[in-house]
Amino acid sequence: MWRRMSVTTTLGWRHAYGDVVPSMLLAFQGGAQSFSASGVPIDRDAFVAEAGVSYALSSMFSVGLTYSGQFGQRATDNAFKGNLELRF
């Protein structure tokens, strides 16, 4: 029986240069009054991590689960992702 497990990891540091508070002055065509739109501020420095495991049940079918996260002073971002892969 053909089965194989693989594990992946990533560790890193993300640094933002320039303005970390995204904002823009916009206007619609035709002379409408302008308005501003702002995004969520990002951290200047953040630790990033990702870890995943994949298990091949056969040469054609595998399943996997991955965690990814970003950790800064003002914000934390976490995600879990699952996948099924079928090759033919």
Side-chain angles (χ1 to χ4, degrees):
M1 195 171 264
W2 192 89
R3 294 184 184 198
R4 185 177 70 187
M5 181 184 291
S6 61
V7 177
T8 59
T9 59
T10 301
L11 297 175
W13 168 65
R14 184 171 292 148
H15 178 74
Y17 293 96
D19 191 9
V20 294
V21 181
S23 63
M24 204 167 233
L25 185 61
L26 304 167
F28 290 109
Q29 188 174 353
Q33 185 175 355
S34 62
F35 60 95
S36 66
S38 298
V40 177
I42 61 173
D43 284 315
R44 187 156 308 274
D45 294 298
F47 172 72
V48 291
E50 186 171 303
V53 62
S54 180
Y55 187 67
L57 297 167
S58 70
S59 62
M60 295 177 57
F61 184 71
S62 65
V63 296
L65 182 66
T66 303
Y67 165 79
S68 61
Q70 176 176 313
F71 307 95
Q73 284 183 322
R74 295 186 291 183
T76 301
D77 183 30
N78 295 288
F80 285 97
K81 301 173 191 175
N83 67 310
L84 299 171
E85 186 174 330
L86 177 64
R87 294 179 202 91
F88 53 95

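Start at 1 with the first residue, then count along the sequence. On a predicted model such as this, the values are computed, not experimentally measured, just so you know.
The hydrophobic cluster analysis finds Leu25 isolated: no Ile, Leu, Val, Met, Phe, Trp or Tyr side chain comes under 4.5 Å of it, directly or through other members.
Among pairs with a residue in residues 60-71, none fulfils salt bridge (charged side-chain N to carboxylate O under 4.0 Å, His left out), at least two apart in sequence or across chains. For residues 63-88, the ring pair (Phe, Tyr, Trp, His ring centres under 6.0 Å) pairs, not counting sequence neighbours, are Tyr67-Phe80. Identified under the salt bridge (charged side-chain N to carboxylate O under 4.0 Å, His left out) test for residues 61-77, with sequence neighbours left out: Asp43-Arg74. Applying the side chain to side chain donor-acceptor pair (under 3.5 Å) rule to pairs touching residues 45-55 yields Trp13-Asp45, His15-Asp45, sequence neighbours excluded. Residue pairs meeting the ring pair (Phe, Tyr, Trp, His ring centres under 6.0 Å) criterion with at least one member in residues 24-54, sequence neighbours excluded, are Phe28-Phe35. For the salt bridge (charged side-chain N to carboxylate O under 4.0 Å, His left out) condition, no pair includes a residue of residues 5-29, sequence neighbours left out.
For Glu85, the salt bridge (charged side-chain N to carboxylate O under 4.0 Å, His left out) partners two or more places apart in sequence, or in a different chain, are Arg87. Partners of Ala51 under the side chain to side chain contact (heavy atoms under 4.5 Å, CB included) rule, at least two apart in sequence or in another chain, are Thr9.
Heavy-atom minimum distance, Ser38 versus Ser23: OG-CB, 3.5 Å. Here the shortest heavy-atom pairing between Ala16 and Ile42 reads CB-CD1, 3.9 Å. Listed here is the closest heavy atom pair of Asn83 and Leu65: OD1-N, 4.1 Å.
Following chains of ILVMFWY side-chain contacts shorter than 4.5 Å, one cannot reach Val21 starting from Leu26, and the two form parts of different hydrophobic clusters. Taking hydrophobic clusters as Ile, Leu, Val, Met, Phe, Trp and Tyr residues chained together by side-chain heavy-atom distances below 4.5 Å, Val7 shares a cluster with Val63.
Distance check: Ser62 OG to Leu86 CG gives 9.0 Å after rounding to the nearest 0.5 Å. Taken from CG in Leu57 to CZ in Arg4, the straight-line distance is 12.0 Å, to the nearest 0.5 Å.
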